[in-house]
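These notes are about the structure you will find just below.
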2 protein chains.
Amino acid sequence: MTKPPTRIQQRNRAAILSAGLDVFSQYGFRGTTLDQIADTAGLSKPNLLYYFASKEAIHAALLERLLETWLDPLKALDGAGDPIAEIMGYAQRKLAMSRDYPRESRLFANEILQGAPHIRDILHTDLKTLVDEKAQLIQAWSDAGKIAAIDPHHLIFSIWALTQHYADFDVQVRAVLSGEDAYAGAETFLTHMLGRTLAIAPAT
Amino acid sequence: MTKPPTRIQQRNRAAILSAGLDVFSQYGFRGTTLDQIADTAGLSKPNLLYYFASKEAIHAALLERLLETWLDPLKALDGAGDPIAEIMGYAQRKLAMSRDYPRESRLFANEILQGAPHIRDILHTDLKTLVDEKAQLIQAWSDAGKIAAIDPHHLIFSIWALTQHYADFDVQVRAVLSGEDAYAGAETFLTHMLGRTLAIAPAT
DNA sequence: CTTGCATTTGACCAAGTGGTCAAAACAACG
DNA sequence: CGTTGTTTTGACCACTTGGTCAAATGCAAG
């Protein structure tokens, strides 16, 4: 019975979500105002509220859309593939996400920094389940001597940290590198670092 | 000619800074209210403003105090020491800072996420100078074959990312590890990862 | 062109915001 | 005790904030 959205609806909802992503990812939920989002989207505030019931609703829509894809790279980690190639591939997919969706990364970072009030449950259920499952897989690889003996949870954390850093701390990275593109160097470095970390120890 | 602070002044200023650190580090500058800080500090709002002229003033005092020590671990990186031990020592000092001062780490993260409006200049001057200097040192070690050939800037970024992650994403780390202390495992993992990353390649 | 619906807006509101101020309460000291 | 300086507070203010609403506008189909 719900009618298909008109072209105007599609355009405006998209504009609001993009504007909301801009502002929420920079200032966090509480630091963001509806006026800011409305200005960025090029709409009046009442008009904005014609498309989304509340500030919460915009934020929730953004988080929901984010979570749909945020964990995809990890889900794709395949137990049947070559262990080292699989893990390095995962890291590369995550780095690409930081490069291509930095606002989404910062939205997530803000949510976590503020104590994850809107996604706490998901962290403890979906996320934990997924991570534990993949950690078990990595542990098996490790036990089988196919990769170095490392703690799989901390390996996953390290991949998150190393890749998201380039999106979340973009301002700092740019300040230090003064202009030069970070991602090329990051990929080379990450490949080296992970390759070394995962390699099975040479016999002594 | 400025009078020494009384005991009450010391206590209240300290309480305000601690409360401000709590709130700013969680919600960022714009997401923080004076009422929140006053409540957390156990003072009335006018009383709070008797000690600090404005919300900005509290935030500025916190950032200033933070910056005094934030870069110390990197400054201590010593060109005369053993290269690998120096770098691993740096990483360990940074990890200890995440463990012992997580609120400060999150305050910094929030500031960067919001585009570093209050410390932009420092990033481009003091920080960049320091990092470039230490990067040059690491490059020299690399050129001399004392550590693996890696990009020193990205090495430094990786140490920042790996260590600060445990403070900034604490909620997520705890959700995944469900209770178990993260830092012991983190140190073991970090030592392995950096050791492998820096080791000179075995002759083939 | 008109009818009916989708869209947009100006005016408005109650609550929250950063901040002020004069007066009150307190502390210290002769 | 009284005096003097420090600390604390209640009342208040202008402005911002999230959100409402009725009226106005746009627009597509008959």
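Letters A, B, ... mirror the listed sequences (proteins, then strands); counts begin at 1.
Proximity of A:Asn12 to the phosphate of C:dA6: no side-chain N or O atom is located under 4.0 Å from OP1 or OP2. Remark: A:Gln9 is not in phosphate contact with C:dA6, judged by side-chain N or O atoms under 4.0 Å from OP1 or OP2.
What separates CG of A:Asp39 from P of D:dG18 is a distance of 12 Å, to the nearest Å. In this structure, A:Arg11 places its CZ atom 13 Å from C1' of D:dC27, rounding to the nearest Å. Between A:Asp35 atom CG and C:dG10 atom P the separation is 13 Å, expressed in whole Å. Rounded to an integer number of Å, the gap from CZ of A:Phe29 to P of D:dG18 is 8 Å. Computed from coordinates, the A:Phe24 CZ to D:dG18 C1' distance equals 11 Å when rounded to whole Å.
What you find for A:Leu77 and A:Glu86 is that their closest heavy atoms are CD1-O, 3.5 Å.
The aromatic ring centres of B:Trp160 and A:Phe169 sit 6.0 Å or more apart. When ring centroids are compared, A:Tyr166 and B:His154 come within the 6.0 Å threshold.
Taking CG of A:Leu177 as the start and NE2 of B:His153 as the end, the distance is 6.0 Å to the nearest 0.5 Å.
The backbone N or O of B:Asp82 sits nowhere less than 3.5 Å from a side-chain atom of B:Lys146 that would complete a donor-acceptor pair.
Out of C:dT17, C:dT7, D:dG18, the shortest distance to the side chain of A:Ile8 is found at C:dT7.
By the 4.5 Å heavy-atom criterion applied to side chains, B:Arg106 and B:Asp170 are counted as neighbours.
Less than 4.0 Å separates DNA chain C from at least one heavy atom of each of the following residues of residues 41-60 of chain B: B:Lys45, B:Pro46, B:Leu49, B:Ser54, B:Lys55.
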